[in-house]
2 protein chains.
Amino acid sequence: MLNLRDKIIEQSLILFDENGFHGVTVKQIVEASNTSKGGFYHHFHSKEELLFVIHDAFITYVSKEAKAANETHTSPVEKIQAIIRSFVKVFDLYKPHISVFYQESMYLKQEYEQQIKKKRDEFKQMILQVIEEGQRMGYFRKELPPILTGMAILGMVNWIYKWYRRDGEYSIDEIADVFIDLILHSLLPSVEGEYRSQMLTIPFFYDKK
Amino acid sequence: MLNLRDKIIEQSLILFDENGFHGVTVKQIVEASNTSKGGFYHHFHSKEELLFVIHDAFITYVSKEAKAANETHTSPVEKIQAIIRSFVKVFDLYKPHISVFYQESMYLKQEYEQQIKKKRDEFKQMILQVIEEGQRMGYFRKELPPILTGMAILGMVNWIYKWYRRDGEYSIDEIADVFIDLILHSLLPSVEGEYRSQMLTIPFFYDKK
DNA sequence: ATGTAAAGACCGACTGGTTGGTCTGTAGTG
DNA sequence: CACTACAGACCAACCAGTCGGTCTTTACAT
């Protein structure tokens, strides 16, 4: 069984997801976790620290995954594929964390916010690097401004948290397939060629007429 | 000079943008607007109605623009270009509205929320239709699932509100250029051809090496 | 094994400040 | 006079956080 601290996090995640950070009182959290104010404040200095803990757990995970993907592959094309895939899949694993992350990050106090921002920027930086590397090595179209391209990728993936449902029409893997395909079509040069057609074949939806 | 109602909206937009809806009190709004509680509640039934008014102003505008773009063009390619462009440009015009729109929409009560959702869905529907139309007419790759493609587009554009600054490196028009290029590269078939290369020539960043 | 003391975990009534919203009043206008 | 547009004192509810205290586990000496 979970210890109290984890149970509080788990329950508050559910509540925040439904009602937003400001739509949930400590009393509600405490009741849902079958504990008391005392129990809560024994584990967290403030309601806001709980918010931070949730943020941190998520961004730490994403950053770690991306680093791994970055290191296990050598070609920029494979790197970006792996990063996108692991990033997309996070939205299945960490959905409630992410809702809180994007909805309520502005209510984090300076001190907390800076820690989060640091890790978030690290992640952003990694994507940027892969794009630039891919351009230098001639895999990706050189005319694209890396920053805007990176923000476009981040945006389309991040937005998933607004619409993804586990019981939705497409599985998270299918979403990853399509998104990777869209992104590669944007990044790779238009000229038809061996390499391009090889990289652009993604199973699940290509057989549809 | 603005009437009081507009002044309250204007000022609260600035405050919400900086501190979030829950980070701003009615008292602060009232002081920033050089008025009183009485003044505020004369024009709005509640703080939440103000939130709704802000939401509504924005989504109504976007939806209207998109409809216009949809009607003045015939080719799906031109349609999507025009819709994306006008949509992207909204982020320059309505930045504070949009921050509030995406950050705080969950705090709208049922009644308000449904009105907003309706208009938002209309807009989403329009993009979907253009994609499907483009596929049927053979302009866009038929293997792409329209819903996922639509959500990807919506995501990359919507996310702009998280990072766009007026004094940033790229102008809103340049951002629109790049995003349209990325999207068209994703949508159009890979095969090199007259039409494709014609549609994919966007001035500002193609001369960079 | 047993007694004991200290630390850690948890309880829940209480509080003090805050906040959205109300209500009565009033200045100006037609 | 009637009506709109606003002023500002006031209120009731709420809510994050506190604090004194209890129960449970651990640590160690006898």
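Here is how names work: the chains are called A, B, and so on, in the same order as the sequence lines, proteins then strands, and each is numbered from 1.
For the pair A:I8 CD1 and C:dC10 C1', the interatomic distance rounds to 10 Å; values are reported in whole Å. The nearest whole Å value for the distance from the CZ atom in A:F44 to the C1' atom in C:dA9 is 14 Å. Atom CG in B:L4 sits roughly 7 Å away from atom P in D:dA7 (whole-Å rounding). The nearest whole Å value for the distance from the OH atom in B:Y41 to the P atom in C:dT22 is 7 Å. Rounding to whole angstrom units, CD of residue A:Q28 and C1' of C:dG12 are separated by 18 Å. Remark: C1' of C:dT18 and NE2 of A:H22 are 15 Å apart, rounded to the nearest angstrom. Remark: P of C:dG20 and CD1 of B:I29 are 8 Å apart, rounded to the nearest angstrom. Separating the CZ atom of B:F40 from the P atom of C:dC23 is a distance of 17 Å, rounded to the nearest angstrom.
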Identify the pairs formed between an N or O of the protein and an N or O of nucleotides 9-14 of chain D at a distance under 3.5 Å, and give each distance.
none

Would you tabulate the pairs of protein nitrogen or oxygen atoms and nucleotide nitrogen or oxygen atoms of nucleotides 26-30 of chain C closer than 3.5 angstrom?
none

Using atom types as modelled, flag every donor-acceptor pair under 3.5 Å from a side chain in residues 10-19 of chain B to any protein atom, sequence neighbours excluded.
{"from": "B:S12", "atom 1": "OG", "to": "B:I8", "atom 2": "O", "distance (Å)": "2.9"}
{"from": "B:S12", "atom 1": "OG", "to": "B:I9", "atom 2": "O", "distance (Å)": "3.0"}
{"from": "B:D17", "atom 1": "OD1", "to": "B:S99", "atom 2": "OG", "distance (Å)": "3.2"}

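Taking the six-membered ring for Trp and the full ring otherwise, the centers of B:Y164 and B:F91 sit at least 6.0 Å from each other. You'll find the ring centres of B:F21 and A:H22 outside the 6.0 Å limit. Checked against the 6.0 Å centroid threshold, A:F101 and A:Y161 do not count as a close aromatic pair.
Between B:H42 and A:K27, the residue anchored closer to the 5' end of DNA chain D is B:H42, taking for each the nucleotide with the nearest heavy atom.
In this structure, A:D92 and A:I175 have side chains that are not in contact, with every pair of non-hydrogen atoms separated by 4.5 Å or more. The shortest distance between side-chain heavy atoms of B:E65 and B:R85 does not fall below 4.5 Å.
In this structure, the side chain of B:D56 does not engage the main chain of B:F52 through any donor-acceptor pair within 3.5 Å. Within the 3.5 Å criterion, the main-chain N or O of B:A66 finds no donor-acceptor partner in the side chain of B:N70. At distances below 3.5 Å, at least one donor-acceptor pair connects side-chain atoms of A:H55 with backbone N or O atoms of A:L51. In this structure a side-chain-to-backbone donor-acceptor pair under 3.5 Å is present from B:Q135 to B:R141.
Within residues 11-20 of chain B, no residue approaches DNA chain D, by heavy-atom distance under 4.0 Å. Non-hydrogen atoms lying under 4.0 Å from DNA chain D are contributed by A:K47, all within residues 47-56 of chain A.
Of the residues listed (A:K64, A:K117, A:K67), the one engaging A:E122 in a salt bridge (charged side-chain N to carboxylate O under 4.0 Å, His left out) is A:K67, and it is the only one. In summary, of the residues considered (B:V157, B:I172, B:V62), a side chain to side chain contact (heavy atoms under 4.5 Å, CB included) with B:V90 occurs for B:V62 alone.
Distances shown here put a side-chain N or O of A:T35 below 4.0 Å from the OP1 or OP2 atom of C:dC11. The side chain of A:S36 contributes an N or O atom lying less than 4.0 Å from OP1 or OP2 of C:dC11. An OP1 or OP2 oxygen of C:dG8 is reached within less than 4.0 angstrom by no side-chain nitrogen or oxygen of A:H43.
Using a 4.0 Å heavy-atom cutoff across all strands shown, A:V30 reaches no nucleic acid atom at all.
Qualifying ring pair (Phe, Tyr, Trp, His ring centres under 6.0 Å) partners for A:Y94, counting only residues two or more places apart in sequence or in other chains: A:Y61, A:H97.
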